[in-house]
Amino acid sequence: QGMHIVYMRGGNGTPMQVYLYDRQQGREILISGLGTDPVNRQPGNNYSVCPRINKNGRIIAFASLDPTLHDPDGDGVSNSDSLPVTPTRDAPWIVYVHDRDVDGDGTYDETPPNGLTATYAVAIASSPYVSLSPDTGGTYIAYQVYDSANRSWGLFVKDWRNNLVTDPPVAVSPVKF
């Protein structure tokens with residue numbers, strides 16, 4: 001539809017952050033940040049990169065090294081103490097999914113009490129490259145995890161809404177030296 005554009009911006013000593021430009025509302029919104037007002041969120045503490053957006057612009061997936069972005073309540077406060085995934089040496093990237101319309105009423109980026117947005121930590125990955133299904137639900141994400149014990153990469157697909165992941169991975173690629 002082309003009404004929503006996601007991109008990264010940073011530099012000059014500040015980590016990259018994920019932004020969205022909403023052409024319908026004519027405004028830029030920080031996605032990789034915290035706060036209940038979508039226009040005045042505070043940037044994350046570490047790099048957030050490689051955003052992907054679904055067809056209708058509601059769901060955005062991205063990778064980050066910042067564990068403080070987990071805000072499933074949409075109250076603007078980090079829930080990093082209840083992070084459902086734990087980054088590791090082999091998989092330091094956290095895959096986040098940001099829902100711009102949690103109540104599903106079709107109005108994006110509302111401020112409470114009218115509605116809310118929420119950011120969910122859904123997986124860990126070895127590379128920051130994530131994919132998001134383009135359907136309007138944006139239900140499926142794909143990401144890679146390196147298994148240093150077996151020296152191979154695994155490609156996983158996850159239904160983040162139902163917390164279902166392919167196991168074993170849908171593809172495995174051995175690393176050759």
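- Evaluation of the side-chain hydrogen bond (donor to acceptor under 3.5 Å, both in side chains) rule for Ser133 yields Asp135 as partners, not counting sequence neighbours.
- With contacts defined as side-chain heavy-atom distances shorter than 4.5 Å, the pair Ile29/Thr117 does not qualify.
- Applying the side chain to side chain contact (heavy atoms under 4.5 Å, CB included) test between Trp160 and each of Val95, Val165, Val122 identifies Val122 as the sole match.
- Side-chain contact between Ser32 and Leu30: present, with at least one pair of heavy atoms (C-beta onward) separated by less than 4.5 Å.
- Between the side chain of Ser80 and the backbone N or O of Thr68 there is no donor-acceptor pair closer than 3.5 Å.
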Compile the donor-acceptor pairs under 3.5 Å between side chains in residues 5-13 and protein atoms, sequence neighbours left out, one pair per line.
from : atom 1 : to    : atom 2 : distance (Å)
Tyr7 : OH     : Glu28 : OE2    : 2.3
Arg9 : NH1    : Glu28 : OE1    : 3.3
Arg9 : NH1    : Glu28 : OE2    : 2.6
Arg9 : NH2    : Tyr19 : OH     : 3.4
Arg9 : NH2    : Glu28 : OE1    : 3.3

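- In this view, Tyr140 satisfies the ring pair (Phe, Tyr, Trp, His ring centres under 6.0 Å) rule with no residue, not counting sequence neighbours.
- Looking only at distances, no side-chain donor or acceptor of Asp71 sits under 3.5 Å from a matching main-chain atom of Thr119.
- When the ring pair (Phe, Tyr, Trp, His ring centres under 6.0 Å) test is applied to Trp93, no partner is found at least two apart in sequence or on another chain.
- Sorted by first and then second residue, the pairs that involve residues 54-80 and meet ring-ring contact (aromatic ring centres under 6.0 Å, His included), not counting sequence neighbours, are Phe62-Tyr96.
- Residues that satisfy the ring pair (Phe, Tyr, Trp, His ring centres under 6.0 Å) test with Tyr47, not counting sequence neighbours, are absent from this structure.
- Tyr108 and His4 have tilted rings, their planes meeting at an angle from 30° to 60° on a 0 to 90° scale.
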